[in-house]
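Scroll down for the structure; my scribbles are underneath it.
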Number of protein chains: 2
Amino acid sequence: MPDKIPTPGSPVRGSKTGKPIMALFDLLGRSWALGVIWQLSNGPKTFRDLQSACEGVSPTVLNRRLKELKASAIVAHDGNGYHLTDTGKALFSLLQPFGPWAIDWAKTLEERDTLPDA
Amino acid sequence: MPDKIPTPGSPVRGSKTGKPIMALFDLLGRSWALGVIWQLSNGPKTFRDLQSACEGVSPTVLNRRLKELKASAIVAHDGNGYHLTDTGKALFSLLQPFGPWAIDWAKTLEERDTLPDA
DNA sequence: CGAACTCGCTATCATTTCGATAGCAAGTGG
DNA sequence: CCACTTGCTATCGAAATGATAGCGAGTTCG
């Protein structure tokens, strides 16, 4: 059984309690999970579109993430490709503020590293 | 060089562009990174307090995450233990809504799995 | 038909990360 | 000195990730 999918209510990687927030953190704490959601917020994408949008993430990993996100009702797949479900869109709306925050964060780090003496 | 710390502006695991949001997603997309931030939002904790709060995460991993989060100016360490920096607190404020969202999400999944016929 | 293409993967295998356990060096208090 | 806490490091097996190759199904165009 090589794949365990994080689900609230059952133990997952690192979390034995299955508390929803821990299951969510486990799900999102895997490589490219957040990136895939971020990319899909711009509309549906095919598997290969997603792959190139995510800087060439390997199909192995991409497929695993998509399976997990589908099992978690965050993404779905139809004739137009992969897309966010309503649940996924709601999650993205929480994620969106991370964009501007990351830019400020980058500035903060840059300043800190440019002025090593405080 | 066994440890690469995600930093905006330089390539990181999976991300060759170094775009701030991708560096952030890489940083947070590692086991227990989100969990550590979540736990520290309740105030300072010692290394061992954190370990038990995070369901016995191994010291190896905990120490790696703490190094990364310190290098990213999200957590800091002083006489009272580990705690969130101002930057870290700002990040947590973005993270906080994930708590209630995760609970709704858990309900959605439970309903879906309880009523398999749609 | 059938060659050329796209799409969604799977197979394989090396590298990296994680997870679990043991234990140590430094500091503190009795 | 001894016990105790804190913050780790060392070691090692298990699991996840990353990179590359390529396949089977469907569609399109001649």
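Numbers restart at 1 for each chain; the letters A, B, ... are given by sequence-line order, proteins then strands. These numbers were taken from a predicted model, which means no experiment stands behind them. Keep in mind that the numbers below use all heavy atoms, side chains included, and drop hydrogens, waters and symmetry copies.
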> Does the pair A:Leu34 and A:Leu95 meet the rule for a side chain to side chain contact (heavy atoms under 4.5 Å, CB included), with working shown?
Replying inline: CA-CA 9 Å; A:Leu34 289 164; A:Leu95 219 48; 3.9 Å; yes
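- Spacing between atom CG of A:Leu28 and atom C1' of D:dA16 amounts to 17 Å, rounded to whole angstrom units.
- Pairs passing the ring pair (Phe, Tyr, Trp, His ring centres under 6.0 Å) check and including a residue from residues 54-78 of chain A, sequence neighbours excluded, read A:His77-A:Tyr82.
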>> I'd like to compare against my own output: the B/S/- annotation of nucleotides 4-10 of chain D with a strict under-4.0 Å heavy-atom distance to protein.
In response: --BBBBB
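- Taking the ring pair (Phe, Tyr, Trp, His ring centres under 6.0 Å) definition, one finds that B:Phe92 meets it with B:Trp38, sequence neighbours left out.
- The shortest distance between the side-chain N/O atoms of A:Ser31 and the OP1/OP2 oxygens of D:dA16 is not below 4.0 Å.
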>> Walk me through whether B:Phe25 and A:Val36 qualify under side chain to side chain contact (heavy atoms under 4.5 Å, CB included).
In response: CA-CA 10 Å; B:Phe25 283 172; A:Val36 164; over 6 Å; no
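- Protein atom CG of A:Leu50 is 13 Å distant from nucleotide atom C1' of C:dC7, rounded to whole Å.
- The phosphate of D:dT17 (OP1 or OP2) has a side-chain N or O of A:Arg65 nearer than 4.0 angstrom.
- Note on B:Arg64: a side-chain N or O is less than 4.0 Å away from OP1 or OP2 of C:dC18.
- Between B:Glu68 and B:Arg65 there is a salt bridge, with a side-chain nitrogen of the basic residue lying less than 4.0 Å from a carboxylate oxygen of the acidic one.
- Relative to the side chain of B:Ser58, the nucleotides C:dA20, D:dT17, C:dC18 differ in distance, and C:dA20 lies closest.
- Counting only heavy atoms from C-beta outward, the side chains of A:Trp32 and A:Glu55 approach each other to under 4.5 Å.
- Rounded to a whole Å, the CG atom of A:Leu62 is 11 Å from the P atom of D:dG18.
- Atom C1' of nucleotide D:dA15 and atom CZ of A:Arg30 are separated by 11 Å, given to the nearest angstrom.
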